[in-house]
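The sequence lines fix the lettering, A, B, ..., with proteins before strands; numbering per chain opens at 1. Just the heavy atoms: all of them, side chains too, but no hydrogens, waters or symmetry mates, feed the values below.
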Amino acid sequence: VKSRTDRHGDGGEASASRVYRTLLLAYPATFRAAYGGAAADVFRQLHADARARGGWAVTRLWARTVPAVCGGGLAERWSAWRGARAARGAADGAGLAAGGRIGGGGNDGGNHSGRGGRNGGGWRRAVAALDALAADSRLAVRALRRRPAFTMATVGLIGLGVGAAATVYSVVDGVLLRPLPYPEPERLVTFAKGSSAVPLPDYEDWRDGTRSFTRWAASWDVSVVLAGAGEPIRIEAARVTAELLPLLGAHALRGRLLAPASPSQTATAVLTHSIWRTRFGADPAVLNRTILLDGEPFTVVGVLAPDYVAPESLELDDVEVYVPLDVGDEAFRRRSMMMLSVVAQLAPAASLESARVELSGVAARLAEAYPEDWRGSEGAPIEIVAETLTRATVGDIGDTLAMFLAAGGLMVLIACANVASLSLARATERNHETAVRAALGASRRRVAAYALTESVVLGLAGGAVGLVLARAGVLAFHAFEPGGIPRAAEVALDARILVFAAALSVVTAFIFGLAPAVSAAAVGAHAALRDDDRSATGGRRRARFRSALVVGEIGLALTLLAAAGVLAHGFARLSSEPTGFQSDGLLTARLDAENALPAERRAAFVEAIVGHMAATPGVEAVGASWQLPFGRGRCCFRSSAWALDVPGDTVSPYVHPVTEDYFAALGIPIRAGRALTSRDRPAVPIPPPGPRTPGVEPVAPDVVPAVVNSRVAAELWPGASALGRRFRIITFRSTEFEVVGVVDPVRHWGLAAEPGEDVYVPMAAMAAWLGLLDVAIRHDGPDEPIVRAIRQAARELAPALPVGLIERMDARVARSIATPRFYATLLLAFAALALLLAAAGVYGTMLYTVGQRRREFGVRIALGARTGDLTRLVLRRGLAVVALGMAAGLAGSFIFTRVLASLVYEVSVIDPMSLALAAATLAAAALLACWLPARRAARTDPIRALK
Amino acid sequence: VNEPRADDFLPMHPRDYLILFALVDSALHGYGVVKAVEAESGGTVRMDPANLYRSLRRLERDGLVNEVAAPAEEETTGPDRRRYYALTRAGRRAVAAEASRLASLARSAAAKDLIRGSEGL
């Protein structure tokens, strides 16, 4: 435990140090090169100190550091620029003393002596303007410090907006925008035979029969036990053709890549950088070492460079060892063995469309030559499906991300509206100060420039806060992303995001700074100096503008709320779908019998471990299958089945080999007939597919009892009882199956997938096939003793057998809906923030209005108005604005939720429930935000108000 | 030798004074300076590391401090190495001059009973 804490601690300091280095980008590169490392090191220690102090110390440290680094960096850049200018000026021999500082009223420390200028006024004006800018900036910083509430609110708002947008943008950038990390990724194409992997002979026919592609490569991922490097572990390996790694731009860090297959080269292996580090201790002497993969020796010939990222879409993402694919091996040369992932590079002259035309010709020829393998169930030729590697990797995630990008944009807009509203209030307050400056001779341009400078300073500070928030957001994304988003590992903050965030905050600053700047410039000195808040001239136009901002905010917030409501509603429906079995009180354990046990011992092992577990106290029933519902990894297979006694359609059920108590353990109700029993085991198992001796038909059982689900029964024997009927499954050739029971359908593949057609056969009948084993244990009481019992039983019965994941079935079910839940939670978080911001906007505006009308309220109270009258007066005005905003929001929701149509499970695009709920929530928040200022108005003390 | 004169740096910015003061006893690296400044100022001055190095660089240019070799047990290569700074003779004189300037100000203040408990001055 201690070492984990320490590691965690180091990770925290390392990431703090990284964020600090990011902040240091505010400084010029020369400064960073000289002092960046040392400064980051100091900061790392300060951060560690702050963490040790606990509480708010870390927050206070960041709050101190971000503005300090940004300000210091800008000052440093400024003086570096001045230094360079001075040096150039001196070199020119001009050495002119520049003119005096203009306007602004900034006093300066005055250590910029030796200011130079080129002959001619252009440069001098430029320098003067920059001087004014510097003075304005200093003044702005000072002025903002004097108004901490306003400054913190504004910086926080911009930070929130920029942070939300930058987080979403880094996800979009990592997943969609950044090209895949391979040479010419847009020309990489991947293939499938229909919806399956590709048999080796077909791959060779495609390669040799087309001209649209220049380079071809194929891979086959296999799960193996690695020995010869510490304790044996199960890893993913891939048998690949020699072209694969070069095609993906991989380089060897040590040694070499795989050579083209030849008999002498088959036993070579290339390690990924990660397994070289973790299992081989980054030992440079690993080359020529022999490792064992499933007991076979392989010689390590190379280690991949760390920058190699395996493509997710070729099923290579967890692969740690690459070995050559032996294309000559007879075992691989069957056209029924669909195993390869194939990738090829488009020829320069070819396009994906032209290549598809060529491939359909190849498919037609194959359908002629091998009708058994290349025609589907209805006799139609199977297609060769080709799409770009990018498309295959990213899939349809684009729509989802577009929605989140839009949500991030809405957040920015809401934050902007809030900031503009705040700035307007500030501009009003500042009228007097502006008038004084104007009266003292500042031009309108200078006054406007100053107002704009203040906005930009705020924008930059907000941008810095936003970056910190975005950093936190990206960390949170990695922590909570449930694995449903492709390329998620590539999501990171990088220079592009920095540029994006900086641009966004400056643009934001300009947009919200513009209105107050213009209004500041428009104030006549005379009017403003005479004016006090008694008559509030020009206030009406501003009030209307502020109201418009609030309308916009409420509209946007309602849009987000409604969208979040639709997602949440969809998720709620999804999670309440019945699974078809009882997931509570069920433990699952994945056992790797396939490789650890020889085929002839597996049946006995299954019986032993199921019996052993069933005898464990607290266990009610134990069932096993190749794969239980909601599992990951390889499973049962799909085949064609047809009834023997009545002519009719075929069905394509999944075939599940199960043990006798499977239905009792999972709690799957039996509709008719009975469950399987030990008497149903056939005398001989069904022979597995494979090379056969010509002329010798292997021994197969004649009849095997089976259980079907009600969908299979209804398809094959519509309107009649299925019990006692016989059917055949194409994969099992001569064996017939007899229905002994009918069960209810189960959602095997996830809650969103409709239950399909399932056939359950006794596992003993398929003992000679694969050794996959997924055990379900229904029990009463705590999990812990059962988990121990499984491990102990496995150890005693088969010491070499790796026990895989043991988890509760409810966890499996929850994981299957983790991605929609993630989306719904994310959008709800956005919507909650939007709601908060909108409510704050309403509150601020109302409070401000009430403050402005204090005298009027005083007069009204003095003339006999009651508190109720005043409350109503203020509320009416506030609610009018809110109502307008809601109308705008309803319109926005209709548009935005259309995007959601593809994402949401069985919720219509316009979901009145969610919309009503969203509107009610927002109305309640807005009402509260109006009511608080209204109450304050009603409590106005006329004597003080009119004094 | 063309050493800078102590008086040129008076009055000194309080932060510069605190940095130089921190270096009076021994050479320190950045973190040490930050900590010493924080302690000496009673926790009111907490320097950001980057700004600290800006100040140190300026003081180095002015000839008041210079970078010195790290203690033997520290790793001394690479961009992330700790940088140690020590007072130069001019720096020592400057900090002393500033201290006596402050002391004389404090004495005048004490003479007018502005500050209490100042018998030691």
Could you tell me which non-hydrogen atom of [X] sits nearest to which non-hydrogen atom of [Y], and how far apart they are?
{"X": "B:Y53", "Y": "A:A38", "value": "OH-CB, 3.5 Å"}
{"X": "B:Y31", "Y": "A:V42", "value": "N-CG2, 3.4 Å"}
{"X": "A:A39", "Y": "B:P49", "value": "O-CB, 3.4 Å"}

For [X], is it the side chain, the backbone, both or neither that has a heavy atom under 4.5 Å from a heavy atom of chain B?
{"X": "A:L46", "result": "both"}
{"X": "A:A75", "result": "both"}
{"X": "A:R44", "result": "side chain"}

Do A:Y35 and B:L56 touch side chain to side chain, with heavy atoms closer than 4.5 Å?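 Side-chain contact under 4.5 Å: no.
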
Does any part of the side chain of B:R46, heavy atoms only, come nearer than 4.5 Å to the side chain of A:R60, both counted from C-beta?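 A side-chain contact under 4.5 Å is absent here.
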
Rounded to the nearest 0.5 Å, what separates atom [atom1] in [X] from atom [atom2] in [Y]?
{"X": "A:Y27", "Y": "B:N51", "atom1": "OH", "atom2": "CG", "answer": "4.0 Å"}
{"X": "B:R57", "Y": "A:E76", "atom1": "CZ", "atom2": "CD", "answer": "4.0 Å"}
{"X": "A:S79", "Y": "B:R58", "atom1": "OG", "atom2": "CZ", "answer": "10.0 Å"}

_So if I take each residue of residues 33-40 of chain B and look for any heavy atom under 4.5 Å from a heavy atom in chain A, which residues do I end up with?_
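Residues B:V34, B:K35 are the ones that qualify, each having a heavy atom under 4.5 Å from chain A.
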
**Message:** Taking side chain to side chain contact (heavy atoms under 4.5 Å, CB included) as the definition, give me every residue that meets it alongside A:D307, ordered by chain and number, with sequence neighbours left out.
**Reply:**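 Expected list: A:A305.
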
